[in-house]
Amino acid sequence: MNTSKSVLTKILALLLVCCFVLPMAVACNGGGTGDDTTAAYETEIVAGNENDPKIPAVDYEGYEFTYLTAAPTSDPYYVEYIISEGESSDLIMDAVYRRNIVLEDKYNIKFAQTEATSAQAEVRAQVMSGNTAFDAIMLRGGYMANLAREKLLYNLNDLEWVDMTKPYWDQNTARDLAVGNALYFTNCDMNMKLPYGLFFNKQMIEDNQLTSPYTYIDNNEWTIDNFGKLVKSVSVDANNDGVYDENDRYGATFEHHNAVCLLYASGIRATTQDATGYPELTLMSDKTVAAYEKIKDIFSDPTYSYCLTCSTMDAHGFEHRWDYARYLFTQDYYMFHVTSPTAIDQFADMEHEFGIVPLPKYESSQEEYYSMQSWWTIMIGCPSTLKDPDRTGRILEDLNYYSSIIVTPKWFDEMLTRKYTRDDESEKYVQIIKDSAVYDMALYFDFGGIRTKILDVDPAKANISTNYAKLRKAIESDIDDTFNKFNAAAPTA
């Protein structure tokens with residue numbers, strides 16, 4: 001079966017239909033529509049572009065390429081945008097369907113998804129049995145690190161057709177999460193997960209006669225000090241009961257890991273790989289202590305900052321209380337909310353306008369913005385017992401290439417930067433957030449408790465220097481042990 005010829009024939013036929021249909025649509029609607037973009041990427045599928053891996057088609061005789069993911073009922077960080085039942089009015093899912101059809105035709109395959117209620121345990125059981133019924137794993141980064149440490153994941157750099165230098169593979173992940181010469185899980189265009197950014201309520205900025213974060217950025221003054229000033233400018237006991245709770249108005253919501261986000265935005269990292277890929281411990285310095293004190297100062301006063309992870313706030317019918325907190329942001333309860341721009345659809349019905357900016361720099365002399373990618377973020381990897389690495393490599397590479405020309409433009413350009421945001425600034429800064437992603441092995445592997453016992457704790461009650469001093473030897477030992485488990489020799493002292 002000549003699947004390449006089949007794909008080309010179908011696409012050319014579709015293009016011929018577009019030649020007749022699109023002029024009629026324009027005539028009826030009085031102007032261009034999103035179909036112009038569709039025609040453009042369909043042309044690109046046929047012609048290719050500079051990033052086209054040009055992988056030859058192979059007939060896999062109806063093989064079912066299966067993703068293993070966590071069931072939504074067991075993990076709120078579930079996987080999206082990999083399976084679509086058909087064409088629909090949902091722009092992203094429609095693009096996912098089109099991408100999958102191209103690959104199903106090219107390789108004569110079908111895509112499937114297995115949702116496991118105990119996904120890590122399911123991976124362990126199947127890999128250790130030597131008989132895996134899935135080709136790719138998509139779970140939280142912290143979970144993927146656990147599986148990698150147990151040697152249950154395949155080195156993606158060993159997949160022949162996979163080229164991690166291509167832009168549809170996250171270059172920052174390849175740099176920051178490589179263990180020696182190996183990469184066991186990563187981020188990519190088919191996954192479409194962005195690091196943390198900062199949403200702000202424009203109306204609350206205006207009502208309180210405050211300087212906009214946009215103005216601070218334009219003047220290269222978007223620093224942690226100026227962010228703190230803004231947060232401390234809003235405090236309203238809305239019901240005058242003398243108690244600050246979820247019913248009141250604040251400068252910001254706060255979760256424990258927001259402190260980590262601000263540390264990384266300040267250019268601080270817990271570990272940094274050396275030339276061999278060994279993760280050296282780089283957390284503590286005078287700057288770290290100073291930055292942490294600034295963060296504590298912002299979030300320690302409960303009249304200005306509402307701590308979600310400290311509260312017993314009910315979900316109020318939402319899937320979880322974090323979604324309820326985002327709803328409260330849309331109702332003008334908080335001026336700032338730290339989250340990934342991928343949550344932007346939850347702000348779609350907000351009456352007042354919002355903006356999106358990177359998290360602030362430590363000081364104006366800092367050259368770049370840094371946006372932390374969370375250990376909660378869904379990442380992708382493969383089981384160490386891959387049945388056919390050649391097949392998996394071909395499909396994964398093409399999945400990401402075709403995602404970059406079919407799905408990503410719809411998701412990023414239209415959904416993130418046009419449908420929901422209402423200003424040009426947010427479009428620009430979402431791109432900065434995407435490009436400035438920072439990954440850190442320490443956050444994913446939690447060496448010696450560096451994340452759970454030092455970084456992801458309530459900064460109002462923690463002393464980072466004391467906690468670090470207690471755990472430093474355990475952290476360094478765990479780094480050595482983990483590095484050695486991946487068959488790489490740790491450097492001698």
Side-chain angles (χ1 to χ4, degrees), residues 142 195-200 222-235 244-246 248 250-271 281-313 321-322 325 329 334-340 358-363 366 369-376 438 440 442-444 446-472 474-475:
Y196 283 107
L198 190 61
F199 285 73
F200 71 94
W222 186 228
T223 63
I224 194 169
D225 287 333
N226 286 325
F227 170 61
K229 289 178 184 177
L230 292 178
V231 171
K232 293 181 179 182
S233 298
V234 177
S235 175
Y244 278 82
D245 56 24
E246 64 188 81
D248 298 309
Y250 299 90
T253 53
F254 167 60
E255 300 174 49
H256 292 162
H257 65 261
N258 292 169
V260 193
C261 295
L262 286 166
L263 275 179
Y264 278 78
S266 299
I268 295 163
R269 294 177 58 100
T271 59
L281 190 56
T282 56
L283 175 60
M284 291 305 298
S285 66
D286 291 342
K287 178 182 176 182
T288 303
V289 175
Y292 201 75
E293 288 304 311
K294 291 177 185 289
I295 294 166
K296 289 179 69 171
D297 183 59
I298 295 171
F299 292 127
S300 61
D301 190 333
T303 64
Y304 295 111
S305 177
Y306 184 69
C307 181
L308 295 172
T309 41
C310 306
S311 76
T312 56
M313 183 174 68
R321 56 179 165 159
W322 322 120
F329 174 84
Y334 317 123
M335 187 163 63
F336 287 105
H337 185 77
V338 179
T339 193
S340 168
L359 288 159
K361 299 177 180 179
Y362 177 69
E363 56 191 359
Q366 182 176 313
Y369 289 100
Y370 299 104
S371 305
M372 189 197 84
Q373 187 68 275
S374 172
W375 55 94
W376 299 115
V438 175
D440 189 336
L443 297 179
Y444 293 85
D446 192 22
F447 299 125
I450 193 170
R451 184 191 78 228
T452 51
K453 298 179 181 179
I454 298 178
L455 295 173
D456 190 24
V457 297
D458 185 352
K461 300 177 181 178
N463 184 307
I464 192 171
S465 300
T466 301
N467 291 346
Y468 177 79
K470 291 178 180 177
L471 291 172
R472 178 173 180 174
I475 294 167

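Here the straight-line distance linking atom OG of Ser235 with atom CG of Asp248 works out to 8.0 Å at 0.5 Å rounding. For the atom pair CZ (Phe254) and OG (Ser300), the distance works out to 9.5 Å, reported to the nearest 0.5 Å. Here the straight-line distance linking atom CG of Leu443 with atom CZ of Arg269 works out to 8.5 Å at 0.5 Å rounding. Taken from CG in Asp245 to OG in Ser311, the straight-line distance is 10.0 Å, to the nearest 0.5 Å. Here OG of Ser340 is found 7.0 Å from CD of Gln373. Values are rounded to the nearest 0.5 Å. Distance check, rounded to the nearest 0.5 Å: CD1 of Ile224 to NZ of Lys229 gives 13.0 Å.
Residues passing the ring pair (Phe, Tyr, Trp, His ring centres under 6.0 Å) test with Phe447, sequence neighbours excluded: Phe445.
Counting heavy atoms of neighbouring residues, nucleotides and ligands inside a 6.0 Å radius, atom NZ of Lys287 exceeds 12 of them. The number of heavy atoms from other shown groups lying within 6.0 Å of CZ (Arg472) does not exceed 12.
The shortest heavy-atom contact between Thr271 and Ala442 is OG1-N, 3.5 Å. Shown here for His256 and Cys307, the closest heavy-atom pair between the two residues is NE2-SG, 4.1 Å. Contact between Gln366 and Tyr370 at its shortest, heavy atoms only, is NE2-CD1, 3.4 Å. Contact between Tyr244 and Pro302 at its shortest, heavy atoms only, is CB-O, 3.9 Å. Closest of all the heavy-atom pairs between Ala325 and His337 is CB-CE1, 4.5 Å. Of all heavy-atom pairs spanning Tyr304 and Val234, the tightest one is CD2-O, 3.4 Å.
At a threshold of 4.5 Å between non-hydrogen side-chain atoms, the residues Asp456 and Trp375 count as touching. Inter-residue side-chain proximity for Leu230 and Met335 is flagged as met; some heavy-atom pair is nearer than 4.5 Å. Residues Ile464 and Val457 form no side-chain contact, since every pair of their non-hydrogen atoms from C-beta on lies 4.5 Å or further apart. Tyr334 is not listed as a side-chain neighbour of Ser305, based on a closest heavy-atom distance of 4.5 Å or more. Two residues are said to be in side-chain contact when any heavy atoms from C-beta on lie closer than 4.5 Å; Lys361 and Tyr369 meet this criterion.
The salt bridge (charged side-chain N to carboxylate O under 4.0 Å, His left out) contacts involving residues 288-311 comprise Asp225-Lys294, Lys232-Asp297, where partners must be two or more places apart or lie in separate chains.
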Could you give the side-chain donor-acceptor pairs of residues 257-264 under 3.5 Å, partners two or more places apart or in another chain?
unit_1	atom_1	unit_2	atom_2	d
His257	NE2	Tyr196	OH	3.0
Asn258	OD1	Glu255	N	2.9
Tyr264	OH	Ala270	N	3.2
Tyr264	OH	Asp440	OD2	2.6

Report task. Give the intermediate values and the outcome of side chain to side chain contact (heavy atoms under 4.5 Å, CB included) for residues Tyr468 and Leu281. Result -> CA-CA 11 Å; Tyr468 177 79; Leu281 190 56; 3.2 Å; yes
Requested in this report: Please assess Ser371 against Leu359 for the test side chain to side chain contact (heavy atoms under 4.5 Å, CB included), listing each intermediate value before the final yes or no.
Outcome: CA-CA 7 Å; Ser371 305; Leu359 288 159; over 6 Å; no
Query - Residue pair Ile475, Ile454: steps toward the side chain to side chain contact (heavy atoms under 4.5 Å, CB included) verdict - result: CA-CA 11 Å; Ile475 294 167; Ile454 298 178; 3.9 Å; yes
Report task. Give the C-alpha distance, both sets of side-chain angles, the deciding distance and a yes or no for side chain to side chain contact (heavy atoms under 4.5 Å, CB included) between Leu308 and Met313. Result -> CA-CA 7 Å; Leu308 295 172; Met313 183 174 68; 3.5 Å; yes
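Of the N and O atoms on the side chains of Ser465 and Tyr292, not one donor lies less than 3.5 Å from an acceptor on the other residue.
When each of Tyr250, Phe199, Phe227, Phe329 is tested with Phe336 by the rule ring-ring contact (aromatic ring centres under 6.0 Å, His included), just one qualifies, namely Phe227.
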